[in-house]
Amino acid sequence: MLSITANIINKMPVFAPKKLICPITFLLLLTIQRSQAVLNDHYYDETCTQAEKIILDTVRNASMHDPKVPARILRMFFHDCFIRGCDASLLLDSTPENKAEKDGPPNISVRSFYVIDDAKAKLEMACPHTVSCADIIAVAARDVVTMEGKDGRVSKAAETINLPAPSFNVSQLIQSFSKRGLGVKDLVALSGGHTLGFSHCSSFEARLRNFSKVHNTDPSMNVDLGQNLKKKCPKPNKDRNAGEFLDSTSSTFDNNYYKQLMVGKGVFGSDQSLFGDYRTRWIVESFARDQGLFFREFVASMVKLGNVGVIENGEVRLKCRVLN
Ligand SMILES: *[C@@H]1O[C@H](CO)[C@@H](O)[C@H](O)[C@H]1NC(C)=O
Ligand SMILES: *[C@@H]1O[C@H](CO)[C@@H](O)[C@H](O)[C@H]1NC(C)=O
Ligand SMILES: *[C@@H]1O[C@H](CO)[C@@H](O)[C@H](O)[C@H]1NC(C)=O
Ligand SMILES: *[C@@H]1O[C@H](CO)[C@@H](O)[C@H](O)[C@H]1NC(C)=O
């Protein structure tokens with residue numbers, strides 16, 4: 001990762017962070033600016049010309065066969081970076097001595113690791129020992145953000161892009177982000193990743209029935225949404241895959257997620273709480289008003305997320321699932 005990343009920084013026209021950053025930063029920048037000059041500056045050019053194409057082909061092919069892949073890849077990126085920095089530690093399999101991140105509780109919804117494994121296998125054939133697993137996740141995540149919206153391949157995206165717990169209140173969210181050096185604006189901007197999300201019933205059903213002593217349903221939830229979710233998540237529920245999209249336009253990376261929060265249509269308690277608290281409400285309102293502002297702040301917060309605990313002496317793994 002290091003040589004590649006250093007190369008990006010040299011070419012970065014807008015951001016000049018002091019620390020190393022994940023390539024997603026640069027790549028999201030491309031997504032949003034679409035500047036020809038920047039596009040020509042592919043950072044693999046010197047080390048592995050085919051790298052980007054190999055990753056994109058693999059991700060696109062996998063997404064065509066399984067529309068859940070894009071949201072899962074974006075979620076993979078968030079989880080990886082949030083837990084130990086963007087070091088692809090999420091990809092490591094457990095060993096008898098070590099229970100890996102993958103097998104921690106949120107594991108249930110991070111899937112589709114095979115896509116990264118496939119890309120890695122092809123890259124090892126093309127350019128041995130060059131492209132790190134963390135870079136593959138980052139490029140793949142960039143790709144899903146750009147490819148959806150164009151042709152709606154995420155239209156049935158499953159799995160949430162789930163930062164902390166969906167039941168957290170604003171104070172808990174702010175605390176969890178601040179431990180990683182991320183502020184209130186980052187919290188609201190990165191939560192916007194839920195624009196591509198889907199959740200199983202278990203992550204929000206506590207809001208639907210017996211919510212509190214005085215309210216059967218969470219009073220911050222829009223009444224129509226509550227009725228709709230009760231139908232989708234009956235009790236008892238035989239359908240293990242039942243759930244709801246976190247944004248009604250879940251095939252498009254847009255600011256609709258914030259507009260929904262303003263009318264009580266956040267699916268997670270944690271999402272809706274962003275509109276219920278004075279510290280975050282004004283940011284939700286400003287992103288709902290101005291999609292361009294959301295895009296810019298999303299990128300800026302991804303830069304910061306990419307900086308969370310970056311390791312400076314990482315290795316380029318031969319297989320993403322095992323240390324060399
Ligand atoms: C495309 O994806 C399918 C399903 O995952 C897989 O079986 C196939 O080998 C892939 N093709 C290429 C060229 O990667
Ligand atoms: C985590 O995921 C792996 C592979 O997808 C699965 O085999 C394992 O049982 C999961 N662990 C938990 C705790 O759900
Ligand atoms: C948030 O949740 C924590 C833990 O349940 C609780 O102690 C705290 O009072 C809550 N804060 C707000 C503002 O609701
Ligand atoms: C609500 O909680 C009460 C007491 O805990 C329980 O008896 C009742 O069955 C619950 N109702 C529903 C709809 O889950």
Side-chain angles (χ1 to χ4, degrees), residues 48-76 91 105-106 110-127 131 133 135-137 139-141 143-144 147-148 151-159 162-180 182-188 191 202-208 210-215 217-221 261 264 266-284 319-321:
C48 184
T49 20
Q50 315 96 298
E52 182 174 13
K53 185 169 187 310
I54 290 172
I55 299 168
L56 302 195
D57 286 351
T58 310
V59 171
R60 286 177 186 177
N61 174 50
S63 306
M64 261 160 39
H65 286 84
D66 179 0
K68 295 167 187 162
V69 163
R72 285 175 175 176
I73 300 253
L74 193 50
R75 184 181 158 81
M76 205 184 284
L91 298 180
V110 182
R111 290 184 202 145
S112 300
F113 293 110
Y114 70 91
V115 181
I116 307 299
D117 291 335
D118 284 357
K120 179 65 172 171
K122 289 178 190 149
L123 286 165
E124 284 303 313
M125 307 243 274
C127 328
V131 184
C133 303
D135 281 345
I136 299 174
I137 301 186
V139 174
D143 192 45
V144 303
M147 85 182 176
E148 58 67 44
D151 49 16
R153 269 180 260 191
V154 198
S155 60
K156 282 193 197 153
E159 304 315 325
N162 187 10
L163 293 160
S167 57
F168 273 14
N169 62 34
V170 173
S171 304
Q172 293 167 304
L173 290 169
I174 290 176
Q175 198 188 14
S176 155
F177 273 67
S178 74
K179 277 189 202 146
R180 294 162 174 93
L182 300 167
V184 174
K185 190 270 295 171
D186 302 310
L187 161 64
V188 180
S191 298
S202 57
S203 296
F204 55 80
E205 63 192 356
R207 303 182 70 201
L208 304 179
N210 261 1
F211 177 71
S212 70
K213 286 209 179 74
V214 279
H215 295 285
T217 307
D218 183 343
S220 70
M221 183 181 282
L261 298 185
V267 173
F268 287 162
S270 58
D271 287 336
Q272 193 56 51
S273 75
L274 298 176
F275 190 67
D277 190 288
Y278 72 96
R279 289 167 290 181
T280 45
R281 180 185 298 144
W282 67 277
I283 311 176
V284 170
K319 285 194 175 156
C320 299
R321 289 170 183 264

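Residue numbers run from 1 in the order of the sequence given. First listed ligand is number 1; within each ligand, the first listed atom is number 1.
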Main-chain N/O of Gly183 paired with Asp186 side-chain donor or acceptor, under 3.5 Å: yes

For atom 13 (C) of ligand 1, the option (of Asn61, Val69, Val115) bearing the nearest heavy atom: Asn61

Proximal ligand 3 atoms for Ser171, defined as those under 4.0 Å from one of its heavy atoms: 11 (N), 13 (C)

Salt bridge Asp57-Lys53, side-chain N to carboxylate O under 4.0 Å: yes

Nearest protein heavy atom with distance in Å, relative to atom 4 (C) of ligand 1: His65 CG, 3.6 Å

Atoms in ligand 1 with a heavy atom of Lys122 nearer than 4.0 Å: 14 (O)

Atom 14 (O) of ligand 3 - nearest protein heavy atom and its distance: Asn169 ND2, 3.3 Å

Check: Arg279/Ser171 side-chain N/O donor and acceptor closer than 3.5 Å: yes

Side chain Lys120, main chain Val131, donor-acceptor under 3.5 Å: yes

Protein heavy atom under 4.0 Å of atom 2 (O) of ligand 3: yes

Atom 5 (O) of ligand 3 - nearest protein heavy atom and its distance: Gln172 NE2, 3.9 Å

Backbone N/O of Ser273 and side chain of Arg281: donor-acceptor pair under 3.5 Å: no

From CA spacing to verdict: side chain to side chain contact (heavy atoms under 4.5 Å, CB included), Leu173, Leu274: CA-CA 9 Å; Leu173 290 169; Leu274 298 176; 4.1 Å; yes

Heavy atom of protein closer than 4.0 angstrom to atom 11 (N) of ligand 1: yes

